[in-house]
Amino acid sequence: MRSVARRPWGEGSRRVRSRVRGKHMTAHDSNSPALDPAATTVTVLGTGIMGSAIARRLGGAGFEVTAWNRTTDRARPLEADGIRVEPDLARAVEAADVVLTMLFDADAVLEVAQGWLSHAAPDTVWVQSGTIGIEGTARAYPLAEQHGVRFVDAPVLGTKGPAEQGRLTVLAAGPDVVLSALSPVFAAYGAKTVHAGEQPGAATALKLTCNTWLACLTAGVAQSLKIAEVLGLDPNLFLEAIGGSTSDTPYAQAKGREVLAGDYAPQFATEGLLKDLRLTHSAVAGQLNEVLLTTLSGLFDETDQLGRGHEDVASVAYAFAPSLSR
């Protein structure tokens with residue numbers, strides 16, 4: 001593994017460039033130095049659907065990538081893509097410039113963090129990309145500070161396909177100089193980056209907002225298809241009718257086709273969206289009318305109770321009419 005000099009992320013961009021010019025950063029513009037993939041090591045912790053896709057995209061962009069997963073065998077397929085799989089958590093992060101976590105929930109992220117933070121260099125940047133909620137982020141950020149690690153709140157929007165194609169939307173919150181330096185990292189797996197602010201938690205709040213909208217769309221499409229069936233119509237007519245109109249979306253068409261085909265291979269698992277809805281409910285409790293949010297949570301919870309938690313969110317169709325769902 002290459003030996004690299006460390007970079008003072010929190011200092012002014014002029015000093016950052018002067019100390020590492022030509023080795024670790026390339027001039028993104030006069031005020032925003034960017035990491036050089038050829039001289040940057042990224043460790044990805046968590047190699048599920050999203051973590052594996054992100055690791056492959058980073059490797060393809062020229063970063064040196066190390067991957068770790070609690071079940072090592074699940075990470076082994078990444079070796080075929082030239083990614084180093086490290087079973088030992090401490091060794092996985094000890095030479096990393098950037099550590100990206102893509103784990104299921106706050107408990108998993110914080111448990112794993114306790115195992116790696118003390119082994120990371122003080123100026124390592126932690127890109128926290130799993131959806132762990134406002135409270136989870138508030139617990140993770142101080143933990144990073146205690147170990148001298150820079151923390152970036154950076155969940156993503158998108159599912160398996162966009163992740164594999166590098167078309168995710170990165171929602172990022174953190175110091176401007178760090179976000180500027182990370183731009184090549186985000187560009188490896190994201191089509192765009194939305195800067196939510198400097199305060200950790202802002203990007204997570206935006207992710208919860210967006211995933212609530214996604215839940216509305218998914219449940220709405222599934223319900224409309226089932227209404228069409230109950231009324232004796234070919235449900236394909238619903239997708240045809242809204243096609244190309246102002247009420248149409250590519251997402252509605254994609255999820256609608258999945259429901260009609262009974263194809264629930266997970267792009268975004270039901271249990272994941274249910275977790276996010278619960279995090280949203282907790283974050284906004286008592287601050288607005290929660291009727292719709294409660295209904296959405298109930299529908300996806302019922303889907304999970306039907307044994308569909310590991311299937312795609314489109315399987316919420318079962319919550320409307322189990323006997324009609326394929």
Side-chain angles (χ1 to χ4, degrees), residues 1 35 37 40-93 95-109 111-113 115-116 125-132 152 154-172 182 184-193 207 211 214 254 258 263-273 275-276 309-314:
M1 181 173 294
L35 289 170
T40 303
T41 298
V42 181
T43 293
V44 177
L45 304 181
T47 58
I49 291 174
M50 300 298 286
S52 291
I54 287 172
R56 288 189 175 98
R57 294 293 308 182
L58 288 165
F63 291 94
E64 181 177 312
V65 182
T66 296
W68 173 91
N69 196 66
R70 283 179 290 185
T71 304
T72 303
D73 286 347
R74 294 181 182 175
R76 290 295 183 195
L78 291 170
E79 292 177 327
D81 298 284
I83 293 168
R84 171 177 167 254
V85 174
E86 175 53 67
D88 184 86
L89 179 57
R91 286 199 296 267
V93 304
D97 303 300
V98 177
V99 175
L100 187 151
T101 49
M102 184 57 84
L103 297 158
F104 182 71
D105 57 17
D107 288 343
V109 167
E111 178 185 346
V112 171
W116 72 264
V125 171
W126 176 7
V127 177
Q128 203 309 102
S129 296
T131 307
I132 63 173
V152 173
V156 298
L157 296 179
T159 55
K160 179 181 178 182
E164 292 174 341
Q165 298 157 18
R167 293 174 43 242
L168 295 171
T169 294
V170 181
L171 312 177
L182 288 171
V185 174
F186 296 151
Y189 53 87
K192 70 174 180 178
T193 298
K207 173 65 183 286
N211 272 13
L214 183 149
E258 289 174 18
D263 179 8
Y264 301 120
Q267 302 291 316
F268 181 12
T270 293
E271 62 184 1
L273 182 55
K275 180 247 321 179
D276 295 352
H310 289 84
E311 295 182 343
D312 190 77
V313 293

* Which is it for Tyr264 and Thr270 under the side-chain contact (heavy atoms from CB on, under 4.5 Å) test, yes or no, and what are the steps along the way? -> CA-CA 10 Å; Tyr264 301 120; Thr270 293; over 6 Å; no

* Asked: Quick check: does any side chain N or O of Asp312 sit under 3.5 Å from a backbone N or O of Ala269, one acting as donor and the other as acceptor?
  -> no

* To do: Report the residues that fulfil side chain to side chain donor-acceptor pair (under 3.5 Å) with Glu164, sequence neighbours left out, ordered by chain and then residue number.
  => none

* Test item: Thr43 side-chain N/O and Ala92 main-chain N/O as donor-acceptor pair under 3.5 Å -> yes

* Asked: So, does Glu64 use its side chain to make a donor-acceptor pair with the main chain of Thr66 at under 3.5 Å?
  -> no

* **Thr193 to Ala172 - nearest heavy-atom pair and separation** => CG2-CB, 4.1 Å

* **Val156 backbone acceptor or donor facing Lys207 side chain under 3.5 Å** => yes

* **Distance in Å, Glu258 CD paired with Glu311 CD, rounded so as to fall on 0.5 Å steps** => 11.0 Å

* Partner set under side chain to side chain donor-acceptor pair (under 3.5 Å) for Arg74, not counting sequence neighbours -> none

* Which residues share a salt bridge (charged side-chain N to carboxylate O under 4.0 Å, His left out) with Asp81, sequence neighbours left out -> Arg56

* salt bridge (charged side-chain N to carboxylate O under 4.0 Å, His left out) against Asp105, all qualifying residues, sequence neighbours excluded -> none

* Can you see which heavy atom on Pro37 is nearest to which on Leu35, and at what distance? => CD-O, 3.3 Å

* side-chain contact (heavy atoms from CB on, under 4.5 Å) assessment of Leu58 paired with Val44 -> CA-CA 10 Å; Leu58 288 165; Val44 177; 4.0 Å; yes

* Locate the shortest heavy-atom distance separating Arg57 from Ala188; write the atom from each residue and the value. => NE-O, 3.0 Å

* **For Ala254, all residues meeting side chain to side chain contact (heavy atoms under 4.5 Å, CB included), sequence neighbours excluded** => none

* Check whether any side-chain N or O of Asp97 sits under 3.5 Å from a backbone N or O of Thr41 as a donor-acceptor pair, and report yes or no. => yes

* To do: Working to the nearest 0.5 Å, report the span between CG of Asp107 and CD1 of Ile132.
  => 10.0 Å

* Asked: Quick one: does Trp68's side chain get under 4.5 Å of Val93's, heavy atoms only?
  -> no

* Structure fact -> For Lys275 and Phe104 the tightest heavy-atom approach is NZ-O, 2.8 Å

* Structure fact -> The reported gap from CG in Leu45 to CD in Glu86 (rounded to nearest 0.5 angstrom) is 11.0 Å

* Once you round to the nearest 0.5 Å, how far does CG of Leu171 lie from OG1 of Thr131? -> 9.0 Å

* To do: Check the pair Phe268 / Ile49 against side-chain contact (heavy atoms from CB on, under 4.5 Å), numbers first and verdict last.
  => CA-CA 9 Å; Phe268 181 12; Ile49 291 174; over 6 Å; no

* Which residues satisfy the side chain to side chain contact (heavy atoms under 4.5 Å, CB included) test with Ala113, sequence neighbours excluded? -> Trp116, Leu117, Trp126, Leu143

* Atom CG in Leu103, atom OG1 in Thr47: separation rounded to 0.5 Å? -> 9.0 Å

* What heavy-atom pair brings Ser129 and Ala154 nearest, and what distance separates the two atoms? -> OG-O, 2.8 Å

* Between Val152 and Leu182, is any pair of side-chain heavy atoms under 4.5 Å apart? -> yes

* Value rounded to 0.5 Å, distance of NZ in Lys160 from CD in Gln165 -> 11.0 Å

* To do: Return the minimal non-hydrogen interatomic distance between Gly190 and Val170, and the atom names on each side.
  => CA-CG2, 4.3 Å

* To do: Any chance you could lay out the side-chain contact (heavy atoms from CB on, under 4.5 Å) test for Ile54 and Leu168, step after step, and finish with the verdict?
  => CA-CA 10 Å; Ile54 287 172; Leu168 295 171; 4.2 Å; yes

